[in-house]
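Keep in mind that this is a model prediction, so the values were computed, not measured. Only this structure's heavy atoms are used, side chains among them; waters, hydrogens and symmetry mates stay out. All residue numbers refer to positions in the sequence shown, counting from 1.
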Amino acid sequence: MKIKEWAEEDRPREKMLLKGIASLSDAELLAILIGSGNSQETAVQLSQRILGSVDNNLNALGKLSVKELKSKFKGIGQVKATIINAALELGKRRAGSDPIQRPAIRASKDAYQLFHPLLCDLPHEELWIALTNRSSLVIEKLKISQGGTNETSADLRIILKAAINALAAGIIVCHNHPSGCSHPSRQDDLLTQRLRDAARLIEVQLLDHIVLSDGNYYSYSDEGKL
């Protein structure tokens, strides 16, 4: 039986999309790489045989050359053998890579330092957000809008969509005042209130809204307005 005739949840690619990549066996992962088997074997069966030849040891598989893979296994040509070698080399390099160090935001000063390099010298206003996880680590930061010299606008739907897509627990908003005055405007107050209330509906917390000028900032959290 060909893989395309299997139940959808048993096909490697479909299984990965339905259940996550961790649900796949080594043979299924290898089958995704090679894409197809041969006239006698499905991609999964061929992958099982390849792994069996090295006692299911990925380190040993990584030592097989393109020439060895081609000569030992029907259905493995130069392209597939190269893909296998490249994937295992990437895995080896990943193991030697340092994990990403995400900045943590635990106080308004941390938020100010995160955004200051982006906004301090701009002649116009921009509004950015930082999305955080439950450990207060930054998942990503995004520019939401750009305005003129004295105001910018914010679409709450864009902010909330970004938070949902990132599975964020918290949102920090920051915009700059090119005038040098960091005191918030009435429009800033309204934006903060609307976003705080809207975020609560999706169980995300608005942690702070920073109004930034070069060398100074205003924090809604520090002022007890959240």
Side-chain angles (χ1 to χ4, degrees), residues 2-4 6-38 40-106 110-111 113-115 117-118 128-143 161-172 204 207:
K2 297 180 180 179
I3 287 180
K4 66 181 180 181
W6 296 6
E8 185 171 309
E9 63 271 17
D10 290 330
R11 301 175 204 164
R13 291 189 185 90
E14 286 79 357
K15 183 178 177 181
M16 183 185 77
L17 295 174
L18 287 170
K19 300 180 180 179
I21 197 166
S23 68
L24 271 61
S25 66
D26 290 349
E28 289 170 325
L29 290 169
L30 186 57
I32 289 177
L33 292 175
I34 65 176
S36 61
N38 54 47
Q40 286 82 39
E41 299 169 301
T42 65
V44 173
Q45 291 169 335
L46 176 56
S47 297
Q48 289 171 334
R49 187 158 65 85
I50 293 171
L51 288 167
S53 72
V54 291
D55 295 325
N56 294 297
N57 186 300
L58 293 177
N59 286 323
L61 179 60
K63 296 182 185 301
L64 295 182
S65 66
V66 169
K67 183 177 180 180
E68 289 172 314
L69 287 167
K70 287 171 55 181
S71 64
K72 289 183 176 181
F73 304 103
K74 181 182 178 181
I76 299 297
Q78 183 163 315
V79 172
K80 291 181 181 180
T82 301
I83 289 172
I84 293 171
N85 274 189
L88 290 166
E89 177 63 22
L90 276 176
K92 183 171 69 175
R93 294 185 187 186
R94 180 187 177 185
S97 298
D98 295 328
I100 297 173
Q101 298 297 318
R102 299 185 185 276
I105 298 183
R106 308 191 190 281
D110 298 328
Q113 291 175 340
L114 179 71
F115 288 110
L118 299 170
W128 287 65
I129 62 171
L131 302 173
T132 64
N133 62 19
R134 296 191 183 279
S135 299
S136 300
L137 301 179
V138 175
I139 301 170
E140 61 179 323
K141 55 182 183 289
L142 302 166
K143 184 170 84 168
K161 182 176 183 292
I164 292 170
N165 289 343
L167 300 178
I171 302 171
I172 297 163
V204 176
L207 300 172

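- Scanning all heavy atoms of the two residues, the minimum distance from A87 to L33 falls at CB-CD1, 3.6 Å.
- Listed by chain and residue number, nothing satisfies the salt bridge (Lys or Arg N to Asp or Glu O under 4.0 Å) test with K141 (two or more places apart in sequence, or in another chain).
- With a 4.5 Å cut-off on side-chain heavy atoms, L207 and T132 count as touching.
- How far CD1 of I76 is from CG of L46: 4.5 Å, rounded to the nearest 0.5 Å.
- Few gaps surround NZ on K143; more than 12 heavy atoms of other groups in view lie less than 6.0 Å from it.
- What you find for L137 and R102 is that their closest heavy atoms are CD2-O, 3.9 Å.
- The 12-atom threshold is not exceeded at CD of Q78, counting heavy atoms of other residues, nucleotides or ligands nearer than 6.0 Å.
- Sorted by first and then second residue, the salt bridge (Lys or Arg N to Asp or Glu O under 4.0 Å) pairs involving residues 50-59 (not counting sequence neighbours) form an empty list.
- In this structure, the separation between CG on L30 and CD1 on I50 is 5.0 Å, given to the nearest 0.5 Å.
- When all heavy atoms of V44 and P12 are compared, the pair lying nearest together is CG2-CG, 3.7 Å.
- Here R93 pairs with E89 under the salt bridge (Lys or Arg N to Asp or Glu O under 4.0 Å) rule; sequence neighbours left out.
- In I21, the CD1 atom is not crowded: 12 or fewer heavy atoms of neighbouring residues, nucleotides or ligands sit closer than 6.0 Å.
- Of the possible donor and acceptor atoms, none in the side chain of K80 sits under 3.5 Å from a partner among the backbone N and O of L69.
- Smallest separation of non-hydrogen atoms from R106 and S136: NH1-CB, 3.8 Å.
- In this view, K72 and L64 satisfy the side-chain contact (heavy atoms from CB on, under 4.5 Å) rule, not counting sequence neighbours.
- With contacts defined as side-chain heavy-atom distances shorter than 4.5 Å, the pair I83/I34 does not qualify.
- Taking both residues in full, the closest heavy atoms of L24 and E28 are given as CA-OE1, 3.2 Å, listed atom of the first, atom of the second, then distance.
- Note that OG of S47 and CD1 of I84 are 7.0 Å apart. Values are rounded to the nearest 0.5 Å.
- If you take CZ on R13 and NZ on K15, they are separated by 14.5 Å, rounding to the nearest 0.5 Å.
- Here the closest heavy-atom approach between residue A168 and residue L131 is recorded as CB-CB, 3.9 Å.
- In this structure, the separation between CD1 on I172 and CG on L114 is 7.5 Å, given to the nearest 0.5 Å.
- In this structure, L58 CG and L29 CG are separated by 9.0 Å, a value rounded to the nearest 0.5 Å.
- Taking S53 as the reference, F73 meet the side-chain contact (heavy atoms from CB on, under 4.5 Å) condition, with sequence neighbours excluded.
- Counting only residues at least two apart or on different chains, no salt bridge (Lys or Arg N to Asp or Glu O under 4.0 Å) pair has a member in residues 58-69.
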